[in-house]
Amino acid sequence: MCYDIKATIETQLKRAQRKGDAQAVDEIMETLIPLTHLPIYHSSGFSRPELLIYTDRSPDFPEVAKWGLVPHWVRKKADMKKQWNNTLNARGETIFKLNSFRKAANESRCLIYIDGLYEHHNFEKQTYPFYIFNKDHSPIILAGLFNEWINPETMGKLLTFSIVTTTGN
DNA sequence: CCAGACGTTGTT
DNA sequence: GTCTGG
DNA sequence: CCAGACGTTGTT
DNA sequence: GTCTGG
């Protein structure tokens, strides 16, 4: 499960810095970062934050995307709103079967660089958030699926993504 | 056949 | 206790 | 998923 | 677009 994350600009840019050139990073800072909610210190997916993802069609130069995948078959804006809180996560075991994820699982995969994530644990009827991160503070790199949805009213493109989860190990 | 959904999480 | 909003 | 609300009346 | 439930 993964519904609450921390993502700083530095961490989100790590891949572009390593794989791209310095000019590309400057361009990202100027043109893409202002379109996002970065830096994100603790956001729930349900607040539908926008951040950078590294897609398989552009693996080293990130794209701005909104958390909560809108499937390709959604036609109306109202249907989109019904759908989007249910696709923050995608169970890896079933992504090739389900209508909402199958096409993206086959064709549109991405990576999401984050600092850490928050898991809630229950103890004596109370809930406590635990922050999970790498010991050396290196990025946690999550597997994701994405889709580019065309809003029929405005013809605007909306890039959205879902985080792939699996059973604990 | 048509209408309506299409998804995730947890379990002291 | 249960529903809504984020 | 968790956090926080959960309700009513009238109207310059 | 495709699957499920009635």
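Protein chains get the first letters and strands the later ones, always in sequence-line order, with residue 1 at the start of each. None of the values given here were measured: they were computed from a predicted structure.
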Applying a 4.0 Å non-hydrogen cut-off, can you work out what [X] is touching in the nucleic acid: base, sugar-phosphate, or nothing?
X: A:Phe101; answer: sugar-phosphate
X: A:Asn122; answer: nothing
X: A:Thr165; answer: sugar-phosphate
X: A:Arg48; answer: nothing

### Message
When you compare the side chain of A:Thr94 with that of A:Phe101, does any pair of heavy atoms fall below 4.5 Å?
### Response
no

### Task
Could you tell me whether the side chain of A:Leu88 reaches within less than 4.5 Å of the side chain of A:Ile163, counting heavy atoms only?
no

Using the [atom1] atom on both, measure [N] against [M] and round to a whole Å.
N: D:dA3; M: B:dG10; atom1: P; answer: 15 Å
N: E:dT4; M: B:dG7; atom1: C1'; answer: 15 Å
N: D:dT8; M: B:dC6; atom1: C1'; answer: 39 Å
N: C:dT2; M: D:dT11; atom1: P; answer: 38 Å

### Query
Watson-Crick or G-U wobble partner for C:dC3, using a 3.5 Å limit on both distances?
D:dG4

Could you give the [atom1]-to-[atom2] distance, from [X] to [N], as a whole number of Å?
X: A:Ile40; N: C:dG6; atom1: CD1; atom2: C1'; value: 14 Å
X: A:Lys82; N: C:dT4; atom1: NZ; atom2: P; value: 15 Å
X: A:His72; N: E:dC3; atom1: NE2; atom2: P; value: 11 Å
X: A:Leu98; N: B:dT8; atom1: CG; atom2: P; value: 5 Å
X: A:Asn85; N: B:dT8; atom1: CG; atom2: P; value: 14 Å
X: A:Lys76; N: B:dG4; atom1: NZ; atom2: C1'; value: 11 Å
X: A:Gln83; N: B:dC6; atom1: CD; atom2: C1'; value: 5 Å
X: A:Ile95; N: B:dT8; atom1: CD1; atom2: C1'; value: 14 Å

Side chain of [X]: nearest nucleotide among [options]?
X: A:Arg102; options: D:dA3, E:dT2, B:dT8; value: E:dT2
X: A:Tyr3; options: D:dA3, B:dT8, E:dG1; value: B:dT8
X: A:His120; options: B:dT8, D:dC2, E:dG1; value: D:dC2
X: A:Ser47; options: C:dG6, D:dA3, B:dT8; value: C:dG6
X: A:Ser100; options: D:dA3, B:dT8, B:dG7; value: B:dG7

### Message
Does either side chain, that of A:Thr55 or that of A:Glu63, offer a donor lying less than 3.5 Å from an acceptor on the other one?
### Response
yes

### Query
Does the ring of A:Phe46 lie flat against the base of D:dC2, closer than 5.5 Å centre to centre with planes under 30°?
no

### Query
Less than 4.0 Å between a side-chain N and a carboxylate O, is that true for A:Arg57 and A:Glu148?
yes

### Task
Determine, for A:Glu153 against A:Lys76, whether the closest basic-nitrogen to carboxylate-oxygen distance falls under 4.0 angstrom.
no

### Query
Within the structure, does a side-chain N or O atom of A:Ser44 lie under 4.0 Å from either OP1 or OP2 of D:dC2?
no

### Query
Is there a donor and acceptor pair, one atom on the side chain of A:Asn99 and one on the base of E:dT2, closer than 3.5 Å?
yes

## Note on the structure
DNA chain B nearest-nucleotide lookup for A:Met1 and A:Trp73: closer to the 5′ end is A:Trp73

### Task
Take A:Phe130 and A:Tyr128, measure what ring pair (Phe, Tyr, Trp, His ring centres under 6.0 Å) needs, and give me the verdict at the end.
CA-CA 6 Å; A:Phe130 279 67; A:Tyr128 300 88; 7.5 Å; no

